[in-house]
Amino acid sequence: MEVTGFFTAIIIGLVIGALGRLVVPGKQNIPIWLTLLIGVIAAILGTLVAGALGVDDTAGIDWIELAIQVVFAAIGVAVVAGAYGRRRIR
């Protein structure tokens, strides 16, 4: 992954986190900053997986890479929301 790809993944990750949260059904009781952080991580992982599959550099918009990133973000939001929701306030 190039340096520009890394920074692009961070910027795109902010949007990906919001998309991942929209894809997951129900209410997620996690802070927005955590959603954005999940999105950044999902964007980086999605870019790496797309590169491994050879679909990271296509003509036009990389729809497959974007779909992989959104799936990672949705999984991340679902897992974190489940774990975060189980915390008990004492």
Side-chain angles (χ1 to χ4, degrees):
M1 175 186 279
E2 299 172 4
V3 174
T4 56
F6 181 75
F7 287 118
T8 302
I10 290 174
I11 293 168
I12 297 293
L14 299 175
V15 176
I16 296 293
L19 289 174
R21 190 170 182 152
L22 289 173
V23 171
V24 176
K27 184 176 182 194
Q28 299 84 35
N29 291 322
I30 58 175
I32 191 68
W33 66 266
L34 191 53
T35 302
L36 298 176
L37 179 64
I38 292 167
V40 170
I41 293 169
I44 293 170
L45 287 176
T47 300
L48 292 173
V49 169
L53 296 175
V55 295
D56 61 335
D57 191 22
T58 59
I61 298 173
D62 296 328
W63 292 109
I64 297 172
E65 181 178 1
L66 183 62
I68 293 169
Q69 292 170 337
V70 170
V71 167
F72 273 124
I75 292 169
V77 166
V79 168
V80 171
Y84 200 84
R86 291 189 189 122
R87 290 184 3 180
R88 296 180 186 215
I89 300 173
R90 297 178 191 217

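What you see below is based on every heavy atom in this structure, not just the backbone, and it leaves out hydrogens, waters and symmetry mates.
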Exercise. Can you tell if the side chain of Leu66 reaches within under 4.5 Å of the side chain of Gln69, non-hydrogen atoms only?
Worked result: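 When only atoms from C-beta onward are counted, Gln69 and Leu66 do touch, with a gap below 4.5 Å.
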Exercise. Any side-chain heavy-atom pair from Leu53 and Ile68 closer than 4.5 angstrom?
Worked result: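 Leu53 reaches Ile68 side chain to side chain.
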Please check if [X] and [Y] belong to a single hydrophobic cluster, counting links between Ile, Leu, Val, Met, Phe, Trp and Tyr side chain heavy atoms closer than 4.5 Å.
X: Leu45; Y: Ile64; value: yes
X: Leu14; Y: Ile44; value: yes
X: Val23; Y: Trp63; value: yes
X: Leu34; Y: Ile75; value: no
X: Val40; Y: Leu48; value: yes

Exercise. Where is the tightest heavy-atom contact between Ala42 and Ala73, given as atom of each residue plus distance?
Worked result: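 Taking every non-hydrogen atom into account, CB-N, 3.3 Å.
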Problem set entry | Option among Thr47, Val77, Val49 that satisfies the side-chain contact (heavy atoms from CB on, under 4.5 Å) test with Phe72 |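 For Phe72, the side-chain contact (heavy atoms from CB on, under 4.5 Å) test succeeds with only one of Thr47, Val77, Val49, which is Val49.
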Exercise. Which of these passes side-chain contact (heavy atoms from CB on, under 4.5 Å) with Arg21: Ile38, Ile16, Thr35?
Worked result: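 Testing Arg21 for a side-chain contact (heavy atoms from CB on, under 4.5 Å) against Ile38, Ile16, Thr35 leaves exactly one candidate, Thr35.
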